[in-house]
Amino acid sequence: MGNSTEESISPALRILDFVLVITILVLGIAGNTLVFTAYLLSRKLRTKTNIFVINLALADVLTCLCLPVVGWSLLIEVSPSDSIDPLLDKLCGIDFGLIQVFISSSIMTLALIAVNRYILITKSKDTYERVYQQKFIIASICFSWTYPVLFVTLPLLFNVGHLGFDVNIHACGARTNHRFSYVYDIIVISNAIIPIGLIIYSYGGIYLYLRQHNRHLQKGRMTTILFNFFKSNGASANTTRHDLSQNQVDITKNLFLILVSFFMCLTPHIMCELIDANFLITLHTKIIVALSSCVNPILYGVRHPHFRRVFKSILSCRWSEIPDPAFKWMKAGPPPSANVSKSRSREIETVSLSILASRC
């Protein structure tokens, strides 16, 4: 096996890993809190797709909240010959189990977002509204959490693997000295099979649909323009529909980019677990997985057309520039000087009319 207790992680490297973990913690909590705030303040962001985006942000921020225990486990001094403190082992086991659930929930949420975009773009509006009713959305969110919980906890109940403080990596994780540790890793990794299948099917279907749509559009562009012109008695309705479709395509591209970045962070760790790589490499691929928790808000701010505008307004404290604000105090009103000027003008006008009336 690749894992071995003959090597040990130097204190300097563990301190560096600790700094990386805390940096991810700070950036992840700050970025995902900004996502929550934007969703709360702007009604424009309260779409059915963004419900799943908020669920993804929740999984990310919960992952970040578990990182302090991981950081502490990196700094604590425990030699391979020492017996592991039961309290430390239990705390690490619970913490790492939660991290696995949260990251697995992120994968499933990304799959649900992909399905949502597929139905929105390739199906009719009536079909989308019929499918994405409140009950279905709630059931989907619940499934995104119960599914990973079963994969993470059920093997442990049958003593297939053990979560705790792993002396080999000097951090919280699945204990590599357990006889079924490799089996447990494979079981946990396999929970990504269904989400990945949904993602490939959904985004593949979107790509084929858009390619076919563009071909038809290029072939019959003039006919379509004339038909829509006479049907709508003007080109404005067609233009509005085109802008809306393009906007949805841009949002889908951004969400796909988030998916790609997530799997770029996740794939190295999956490969290390499958080949049972050296424990030092495995530890750092776990840190890369945690990095995905703070990448998503950055991509929202840079690429997402709606989140970008709201982020900019929040960070600059220009509440009145937030599109479709959720609270009255955020709406722009006339400056106080203007109100005073109006009142003064009314007073002068009233006095003038009184003087004229008395002279008459």
Side-chain angles (χ1 to χ4, degrees), residues 28-64 102-103 105-145 147 195 198-199 202-203 206 243-262 292-315 319 321-327 330:
I29 291 179
N32 287 290
T33 300
L34 186 60
V35 173
F36 293 137
T37 305
Y39 184 84
L40 176 66
L41 296 182
S42 176
R43 290 192 183 94
K44 190 177 183 65
L45 294 178
R46 297 181 186 179
T47 64
K48 294 178 180 179
T49 299
N50 286 344
I51 294 176
F52 297 103
V53 170
I54 291 299
N55 191 57
L56 178 62
L58 176 62
D60 287 343
V61 79
L62 289 175
T63 300
C64 293
F102 299 149
I103 292 176
S105 178
S106 296
I107 301 174
M108 181 55 72
T109 303
L110 287 170
L112 294 175
I113 290 174
V115 173
N116 177 275
R117 304 312 297 180
Y118 173 76
I119 296 178
L120 177 64
I121 291 178
T122 65
K123 307 300 179 182
S124 66
K125 183 179 179 180
D126 292 338
T127 301
Y128 180 81
E129 294 294 337
R130 187 167 61 251
V131 172
Y132 281 92
Q133 297 182 12
Q134 185 177 7
K135 293 181 180 179
F136 179 79
I137 295 175
I138 294 174
S140 299
I141 297 297
C142 291
F143 178 73
S144 72
W145 290 97
Y147 177 81
L198 290 173
I199 289 168
S202 298
Y203 282 111
I206 291 172
D243 292 341
L244 178 63
S245 300
Q246 185 60 45
N247 189 40
Q248 293 298 340
V249 171
D250 291 339
I251 293 174
T252 302
K253 289 180 180 178
N254 175 74
L255 294 172
F256 179 73
L257 182 61
I258 290 172
L259 171 70
V260 171
S261 68
F262 181 86
S292 65
S293 299
C294 65
V295 171
N296 294 342
I298 298 175
L299 294 177
Y300 294 143
V302 174
R303 299 277 304 179
H304 197 290
H306 297 157
F307 272 103
R308 181 174 62 245
R309 182 179 176 185
V310 179
F311 282 0
K312 185 178 180 181
S313 300
I314 293 174
L315 293 175
W319 312 111
E321 295 181 3
I322 294 178
D324 197 4
F327 303 101
M330 299 165 56

Of all the heavy-atom pairs spanning [X] and [Y], show the shortest one and how long it is.
X	Y	value
His306	Leu45	CB-CD2, 3.4 Å
Gly28	Cys64	CA-SG, 3.6 Å
Val61	Phe36	CG1-CE1, 4.0 Å
Leu299	Ser261	CD1-OG, 3.4 Å
Ile322	Ser42	CG2-CB, 3.7 Å
Ser293	Asn32	O-ND2, 2.9 Å

Legend entry - Test item: Trp145 and Ile141 side chains (from C-beta on) under 4.5 Å apart, heavy atoms: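 Result yes, sub-4.5 Å side-chain heavy-atom pair found.
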Legend entry - Any Ile258 side-chain heavy atom under 4.5 Å of Phe262 side chain: no
Show me, pair by pair, the donor-acceptor contacts under 3.5 angstrom made by side chains of residues 105-115, not counting sequence neighbours?
| unit_1 | atom_1 | unit_2 | atom_2 | d |
| --- | --- | --- | --- | --- |
| Ser105 | OG | Ser144 | O | 3.1 |
| Ser106 | OG | Phe102 | O | 3.1 |
| Thr109 | OG1 | Asn55 | ND2 | 2.9 |
| Thr109 | OG1 | Ser105 | O | 2.7 |

Nearest 0.5 angstrom please: [X] [atom1] to [Y] [atom2], how far?
X	Y	atom1	atom2	result
Asp60	Asn296	CG	CG	5.0 Å
Leu41	Ser313	CG	OG	10.0 Å
Ile121	Ile206	CD1	CD1	4.5 Å

Legend entry - Residues in side-chain contact (heavy atoms from CB on, under 4.5 Å) contact with Arg46, at least two apart in sequence or another chain: Tyr39, Leu40, Arg43, Ala326
Legend entry - Polar contact flag, side-chain donor to acceptor under 3.5 angstrom, Asn50-Thr47: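 Distance-only check passes for Asn50 and Thr47.
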Inset, instruction - Assess the side chains of Arg117 and Ser202: does a donor N or O sit below 3.5 Å from an acceptor N or O? - result: no
Legend entry - Residues Lys123, Glu129: salt bridge by 4.0 Å N-O rule: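 The answer is no: the pair does not qualify as a salt bridge.
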Inset, instruction - Tell me, with the steps shown, if Val310 and Phe307 meet side-chain contact (heavy atoms from CB on, under 4.5 Å). - result: CA-CA 5 Å; Val310 179; Phe307 272 103; 5.8 Å; no
Legend entry - Tyr203 atom OH, neighbour heavy-atom count above 12 within 6.0 Å: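 Buried by this count: over 12 neighbours within 6.0 Å.
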Inset, instruction - Verify the neighbour count for atom NZ of Lys44: are there more than 12 heavy atoms of other residues, nucleotides or ligands below 6.0 Å? - result: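 Open.
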In a table with atom names and distances, give each donor-acceptor pair under 3.5 Å that connects a side chain of residues 130-139 to protein atoms at least two apart or in another chain.
| unit_1 | atom_1 | unit_2 | atom_2 | d |
| --- | --- | --- | --- | --- |
| Tyr132 | OH | Asn116 | N | 3.2 |
| Gln133 | NE2 | Arg130 | O | 3.2 |

Legend entry - Working for side-chain contact (heavy atoms from CB on, under 4.5 Å), residues Trp319 and Ile314: CA-CA 6 Å; Trp319 312 111; Ile314 293 174; 4.2 Å; yes
